[in-house]
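Below is one structure, written out as C-alpha cells; the observations come after it.
Only a predicted model underlies this, so the values are computations on that prediction, with no experimental measurement involved.
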Amino acid sequence: MTEQANTAAPASGSRASVKKLKTAARATAYQKEWFMGLKEKVESGEPLAIVNADVPQEILRAMDIPYVVNQWWSAVCSAKQMAPHYLNLLNERGYRQDLCRYCSLALAAAIDPEPEKGPWGGLPKPTVAITRLTCDSQAKIFELLAQEYGVPFYPLENTVPLQIPDEWWTKARRNWDELFEPHRLDLMVEDFKGLIRFLETNTGKTFSESRFKEVMKLVNEQAEYNKKTRDLIARTIPAPVSITDTVQTVMVPQWQRGTEWAVDIARSLYEEVSDLVERKEAANPNERIRLAWVGRGLWFNLGFYQHFEEKYGASFIWSIYLGLAADAYARYGEDSLRTLASRFVGMEDMLHMPPWNSDWYVKEAKLNQIDGVVHLISDSCTQGAGGTYFIKKAFEAAGIPVLQLRADPVDARSWDDSAMIKELEQFLEERVKVRA
C-alpha cells in the first residue's frame, strides 16, 4: 500500500476493531501477501479475472486462473478509508450520488488516473471480467469495467425459482436435486460450460476435470469446519468470539476456497474457538445480550460492533458470513459440474428472496440464541434490501426485536457515528431484554 493510502483520513467516528484470534491475524496477513504476489504475476503476463462474489470461482481455481472478487476489493478499499476517494471519482465522471456503491469501487479503480495509489499498490489490470445477471446494476457495472480495461466480459444468467422450499438448509448439502428445479440446474450447467470455453479462449489455460474434483472436495472440507465453528459459537454462552474476529477470518478463505490453505484456516478457526470454549474464555465476559448483524459488513468501521459491549453487555456474535459459510456452500454429488451449479443456482434466493432468506435468518437467530437483530439496509442497493419488510416481519413474529439501521457498508461519507450509536443504544434500552 502506498503512503497516500496509509495516511488516508479515517471515517468520522470510526474506530479500530480489536481482534483476539491468531487465526484472524494469519488470514489477514496472508491475503495481503497473496495480493502482492498476484500483482507480480500479472505484471509478468499471468491472466487475471475480476469476478463478482456469486461467480463460480471453483472453475477458475481448477484452471489455475487467479481472480479478484469485486466485493472483497470494495471491502478492502473501505477498510483502508479509500472508498470516498473512489466514489468521488465516479461522481466527478457524472455517475449519480446514489449509485450502487458496494459493487462499484472496482469500476472506480479502473478510471482512477493514479491507480497505483490504491490499497496495496492498486488493482492490477484484469484479463477478463465475469459477473452474474442478478441485478441490472451488476450487469452494467461489469460491462463498463470491461470497457474501461478493454477486456472481454462474460455475463452468467440468473434464474428464479418456481417453488418455495421448506428449510432449504436441510437439503442443500446432499439433497439439492430436490431443492432446485431441474431446468435451473440444466441452464446453469450449460452456462458453466460456456464460461469454461470463454476462459480457455481468452487466457490460454485448460480446464482439468481431475483438478476440479479436488477443488470441490477441498471446498466441502472448508464448509464442514465452518459449520462446526458456527454450531460451537451458537451453543456457547457467553460467546467465545464476536463477529469482529469471525467476519474476515471466514471471508478471506472463502475467496481462496478450493485450496489447502483455506481448509487449514477454517480448521484453525474451529480449533482456536474450541480451545477458548474449553478454557471458558469469552469475547465479552460481561455478555448479557446476544446480537445478530444481518446484511453486509460495515467495512469502514468494524470497531463499531464492539462499542456496546462494556456499557450494555451486548455482543454481536452472528453475521451472514459465517452463517452462509456453514449452510450454503457444502455440496455432495457425482456430477461435479452439476453439483457446482447447485451451489450457485440458489445463492441469490438464499440471500435476497423471502421467505428463503427470512426463514433462514430466523432459524439462525434461534440457533444462536439471539436477543436482538440489527439489519443494515443500504438505500443505494436494491439487492441489499432483500425483502426488508418480510425479514422484519419474520423476526418479530418469532419474538425477536429488529432495528433497521440505514447506512452504506462502504461509503463513510454519509455515516454519522453519534447518530448511529444513539439509535442502537435506544434499541438496546427500550426493545431488547437483558439476560439475567
Side-chain angles (χ1 to χ4, degrees), residues 1-9 11 35-36 38-43 45-55 66-155 202-203 255 296 299-300 378-384 408-415:
M1 186 172 63
T2 66
E3 185 63 20
Q4 177 175 325
N6 268 316
T7 57
F35 186 78
M36 300 308 291
L38 172 67
K39 287 176 64 65
E40 293 179 6
K41 289 181 179 179
V42 174
E43 288 168 3
E46 280 289 304
L48 171 68
I50 178 80
V51 303
N52 201 54
D54 55 2
V55 163
Y67 55 87
V68 169
V69 177
N70 184 30
Q71 286 79 4
W72 169 76
W73 179 248
S74 291
V76 171
C77 292
S78 183
K80 300 299 182 185
Q81 310 302 325
M82 290 289 292
H85 165 70
Y86 284 132
L87 293 168
N88 287 336
L89 283 178
L90 290 172
N91 298 150
E92 291 168 8
R93 177 68 76 94
Y95 293 105
R96 66 183 191 273
Q97 190 77 21
D98 64 346
L99 180 77
C100 182
R101 297 159 220 170
Y102 187 54
C103 297
S104 61
L105 294 186
L107 172 60
I111 67 174
D112 191 346
E114 298 179 297
E116 70 281 357
K117 291 185 177 180
W120 298 337
L123 187 65
K125 180 183 176 180
T127 311
V128 294
I130 311 165
T131 194
R132 283 182 65 200
L133 301 178
T134 49
C135 78
D136 293 338
S137 295
Q138 196 69 254
K140 197 63 181 178
I141 286 168
F142 269 78
E143 180 185 340
L144 292 168
L145 186 150
Q147 288 177 7
E148 290 291 340
Y149 282 120
V151 300
F153 164 49
Y154 194 93
N202 289 286
T203 70
W255 309 136
R296 299 176 173 102
W299 298 113
F300 60 86
S378 174
D379 292 329
S380 72
C381 179
T382 55
Q383 279 187 312
D408 195 273
V410 297
D411 189 0
R413 299 175 302 177
S414 58
W415 176 260

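For the atom pair Leu90 CG and Arg96 CZ, the distance stands at 11.0 Å (nearest 0.5 Å). Taken from OG in Ser104 to CZ in Phe142, the straight-line distance is 11.0 Å, to the nearest 0.5 Å. To the nearest 0.5 Å, the span separating NZ on Lys41 from CG on Leu48 amounts to 11.0 Å. Atom OG of Ser78 and atom CZ of Arg101 lie 11.5 Å apart (nearest 0.5 Å). To the nearest 0.5 angstrom, Glu143 atom CD is 11.5 Å from Thr131 atom OG1. Distance check: Ile141 CD1 to Leu99 CG gives 6.0 Å after rounding to the nearest 0.5 Å.
Nearest approach of Ala108 to Leu89, heavy atoms of both residues: O-CD1, 4.1 Å. Of all heavy-atom pairs between Tyr102 and Pro409, the closest is CD1-CG, 3.9 Å. A pairwise comparison of heavy atoms in Pro66 and Pro47 identifies CG-O, 3.2 Å as the closest pair. A pairwise comparison of heavy atoms in Gln138 and Asn52 identifies OE1-OD1, 3.0 Å as the closest pair. Heavy-atom minimum distance, Phe35 versus Pro124: CZ-CD, 3.8 Å. Of all non-hydrogen atoms in Val55 and Arg132, the two that sit nearest each other are CG2-N, 4.2 Å.
Side chain of Lys39 to backbone of Gly122: a donor-acceptor contact under 3.5 angstrom is found. The backbone N or O of Phe300 sits less than 3.5 Å from a side-chain atom of Gln81, completing a donor-acceptor pair.
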Anything under 3.5 Å between a donor and an acceptor, one on a side chain of residues 144-152, the other on a protein residue two or more places apart or in another chain? List them.
unit_1, atom_1, unit_2, atom_2, d
Glu148, OE2, Arg93, NH1, 3.1

I would like to know whether Val42 and Lys125 meet side-chain contact (heavy atoms from CB on, under 4.5 Å); could you show each step before the answer? CA-CA 8 Å; Val42 174; Lys125 180 183 176 180; 5.6 Å; no
Hey, mind stepping through Leu87 and Leu105 against side-chain contact (heavy atoms from CB on, under 4.5 Å) and telling me if it holds? CA-CA 7 Å; Leu87 293 168; Leu105 294 186; 3.7 Å; yes
Kindly indicate, with the supporting measurements, whether the criterion side-chain contact (heavy atoms from CB on, under 4.5 Å) is fulfilled by Trp255 and Trp73. CA-CA 11 Å; Trp255 309 136; Trp73 179 248; over 6 Å; no
Check the pair Asp112, His85 against side-chain contact (heavy atoms from CB on, under 4.5 Å), reporting the backbone distance first and the verdict last. CA-CA 9 Å; Asp112 191 346; His85 165 70; 3.3 Å; yes
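Between Tyr67 and Trp72, the ring centre distance reaches or exceeds 6.0 Å.
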